[in-house]
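Data first, discussion second: the structure below is written as C-alpha cells.
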Protein chains: 2
Amino acid sequence: MTTSPSPAARPRAGSLARRPDVAVLVVILTVDGARVKVLLVRRSAEPFKDSWSLPGGLLMDSESLDEAAARKLDDETGVTDVFLEQLYTFSDLDGRGSVAVAYFALVDSQQAHLARRREWPPAWFGVDELPPLAFANETVIDYALRRLRAKLDYSNVAYSLLPPDFTLSQLQHVYEAILGRPLDKRNFRKRILSLAIIEPTGGLASEGRHRPARLYRFRERRPVVF
Amino acid sequence: MTTSPSPAARPRAGSLARRPDVAVLVVILTVDGARVKVLLVRRSAEPFKDSWSLPGGLLMDSESLDEAAARKLDDETGVTDVFLEQLYTFSDLDGRGSVAVAYFALVDSQQAHLARRREWPPAWFGVDELPPLAFANETVIDYALRRLRAKLDYSNVAYSLLPPDFTLSQLQHVYEAILGRPLDKRNFRKRILSLAIIEPTGGLASEGRHRPARLYRFRERRPVVF
DNA sequence: CCAAAAGTGTTGGCTGTACACCCATGT
DNA sequence: ACATGGGTGTACAGCCAACACTTTTGG
C-alpha cells in the first residue's frame with residue numbers, strides 16, 4: 001500500500017524542521033514445531049555493535065517503504081511472496097531521533113533459506129527465549145505478536161506459515177503455537193471448514209505418517225478477512 | 001507510544017540512502033448530529049497550494065512523532081486530552097519521496113475551538129461531502145474511518161467524541177453516525193450497559209428536552225479494549 | 001392534547017465450547 | 001500387538017437480533 005502523504009507545511013518561526021534517518025525494520029516470524037520464532041541478525045555497526053537485533057536498514061534511493069521492507073525480507077530469507085504488512089512507526093529511540101517503520105512478515109520456515117553470511121548469519125529465536133536485543137526491539141516483537149494473534153482470529157494469514165499443501169493437523173499446530181494454548185480438534189475443524197478459506201486438494205499426506213491425512217490448500221494465498 | 005527503532009544499517013555499495021522529509025498528518029474526526037466530519041485546512045504552499053488537505057507538518061527538532069501529532073491537533077483545535085492514535089505510514093506520494101506518518105484523533109465538536117486564522121481557517125467537512133483534496137488524502141481518511149468503525153466494536157473510543165456527561169441516546173447517535181446505520185435502542189442499551197464501560201452520574205439532562213434523561217459518564221477517559 | 005424522546009423484556013436462532021471413541025497405518 | 005495420529009457428532013450455554021408499548025415533559 002503506497003499512498004500519498006500530505007502537507008509540506010513550512011517549518012514555523014522558532015522551530016527547526018528535522019530531516020531524520022528513516023529506517024525500515026522487519027519482524028520475520030515463523031512457526032517451527034510448537035514455537036513461534038523470530039529472525040534476528042547481529043548488528044555490524046555502533047551503537048549496539050555485535051548485539052542481536054531485528055533486520056532492517058535505511059530507505060534507499062527512490063524506493064517506497066513497502067519495497068524497502070520486501071527487499072530486507074528477501075535479503076535475509078530469500079522469500080518473496082509472503083504476508084508482509086506494516087506494523088507501526090517508532091520514533092526517537094536510537095537517541096539520534098531517527099524514525100523506524102516496522103513491518104511484520106510471516107514465512108514458512110521450510111521455505112526460507114537464510115542468508116549465509118560468513119560472519120554473523122541470521123538465526124531463528126523462540127519468542128520466549130530472546131537474547132538481549134538492541135534498542136527496544138522487544139517492544140516491536142511484542143507488537144507483532146499481538147497483531148498476529150489478533151489477525152489469526154479474523155483472517156487467513158496462516159497461509160503464509162505453511163507449505164501450499166498441508167493437513168488440518170498441521171494447521172491446528174500453527175494456531176496452537178501462535179495462540180499459546182491447545183485447541184479442540186473437532187471444534188477447530190468445524191470452524192475452519194465452515195469459513196471455507198481452505199479446500200481439499202484430493203491428495204493425501206503419507207510421509208512417515210501413521211494414518212494418511214487429507215491435504216488441503218488455502219483458496220487464496222493472499223490476505224483475506226473473514 | 002514512543003518506543004525505539006532499530007538498526008542503523010549502513011547503506012550498501014551501489015545504492016544511495018535517502019534522507020526523506022518526514023511529515024505528520026492528522027485525521028481529526030468528530031460527530032456532528034448524524035454526520036461524521038473531518039477537519040481540513042487550506043494548503044499555503046505548493047504543490048496543491050490553496051486546495052484542501054489534512055492538517056499536518058514536518059517533524060520539528062527533537063520531538064517524537066506522537067508529540068508532533070499532538071502539537072498539530074492542538075494547533076488546529078485547541079484540544080489536548082483526546083483519543084489520538086497512529087494510523088499508518090505512507091510513502092512516496094508527494095512525488096518527492098517524502099514519508100508521511102498519519103494519525104487519527106477523535107474530538108467532541110463542542111469542545112474544539114478551531115484555529116481562527118485570518119485567511120484559510122480550518123473547517124469541518126462531512127466525510128461524504130469532501131471537496132477535492134491534495135495528494136491522496138481521501139485514502140488516508142478512508143483508512144481512519146475503517147479503523148474507527150472497527151474500534152467502536154471492541155473499545156470505548158467514543159468517550160472522546162462526547163462531553164463528559166451524556167445520555168444514552170446521545171451515545172447511540174454517535175454510534176449510528178459512525179456505523180452509518182440505525183441501531184435498536186433496547187439492544188444498544190443492553191449491550192453498552194453490560195460492558196460496564198459507562199456509569200450513571202446521578203444527574204439528569206433537561207436542557208430543552210422533552211423528557212429528562214439520565215446522564216452517564218465513561219468510567220475511563222482513556223482507550224480501553226473490551 | 002399532541003409531539004417528541006426516554007425507558008423497558010422476551011423470544012428464537014446462531015455460534016462457540018465441552019466432551020470421547022473408533023480407525024488406519026507403521027513399527 | 002501396540003502406539004500414533006486421523007477423523008467424526010451432539011448437547012448446552014451465551015450472545016445477538018427482532019420486535020411494541022408506556023411514560024414524561026414541553027409547547
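No hydrogens, no waters, no symmetry mates; every other heavy atom, side chains included, goes into these values. Below, read A as the first sequence line, B as the second, and so on, with proteins coming before strands; counting in each chain starts at 1.
Summarising the geometry, the separation between CD on A:Glu207 and P on D:dG5 is reported as 16 Å, rounded to the nearest angstrom. Taking atom CG on A:Asp184 and atom C1' on C:dC21, their separation rounds to 13 Å, with Å as the unit. Taking atom CG of B:Leu195 as the reference point, atom P of D:dC15 lies 11 Å away to the nearest angstrom. Counting to the nearest Å, the P atom of C:dA6 and the OH atom of B:Tyr216 are 11 Å from each other. Rounded to whole angstrom, the span from the CG atom of A:Asn187 across to the C1' atom of D:dA11 amounts to 12 Å. Between B:Lys190 atom NZ and D:dA17 atom P the separation is 10 Å, expressed in whole Å. Atom CG in B:Leu183 sits about 9 Å away from atom P in D:dA17, given to the nearest Å. Rounding to whole angstrom units, CZ of residue B:Arg211 and P of D:dT22 are separated by 13 Å.
Proximity note for B:His210 (side chain, C-beta onward) versus D:dG7, D:dT10, C:dA4: the nearest is C:dA4. In this structure, the nucleotide among C:dA5, D:dA17, C:dC19 sitting nearest to the side chain of A:Arg186 is C:dC19. The side chain of B:Lys185 approaches C:dA6 more closely than any other nucleotide in the set D:dG7, D:dA17, C:dA6. Residue B:Pro212 places its side chain closer to D:dT25 than to any other of D:dA18, C:dT17, D:dT25. For B:Ala213, counting side-chain heavy atoms from C-beta on, the closest listed nucleotide (C:dG7, D:dG7, C:dA18) is C:dG7. With distances taken from any side-chain atom of A:Ser169 to the nucleotides D:dG6, C:dG7, D:dG9, the minimum falls on D:dG6. Comparing D:dT10, D:dT23, D:dG6 by their closest approach to the side chain of A:Arg189 singles out D:dG6.
Aromatic pair B:Phe226/B:Tyr154: ring centres not closer than 6.0 Å. A ring-centre distance under 6.0 Å is not found for B:Phe135 and B:Phe90.
Closest heavy-atom contact between A:Arg147 and A:Gln86: NH2-O, 2.6 Å.
We find that A:Glu176 and A:Arg181 are not joined by a salt bridge, their nearest charged nitrogen and carboxylate oxygen being 4.0 Å or further apart. Between B:Glu76 and B:Arg71 no salt bridge is recorded (no basic side-chain N to carboxylate O distance below 4.0 Å).
Residue A:Arg214 places at least one side-chain N or O under 4.0 Å from the OP1 or OP2 atom of D:dT8.
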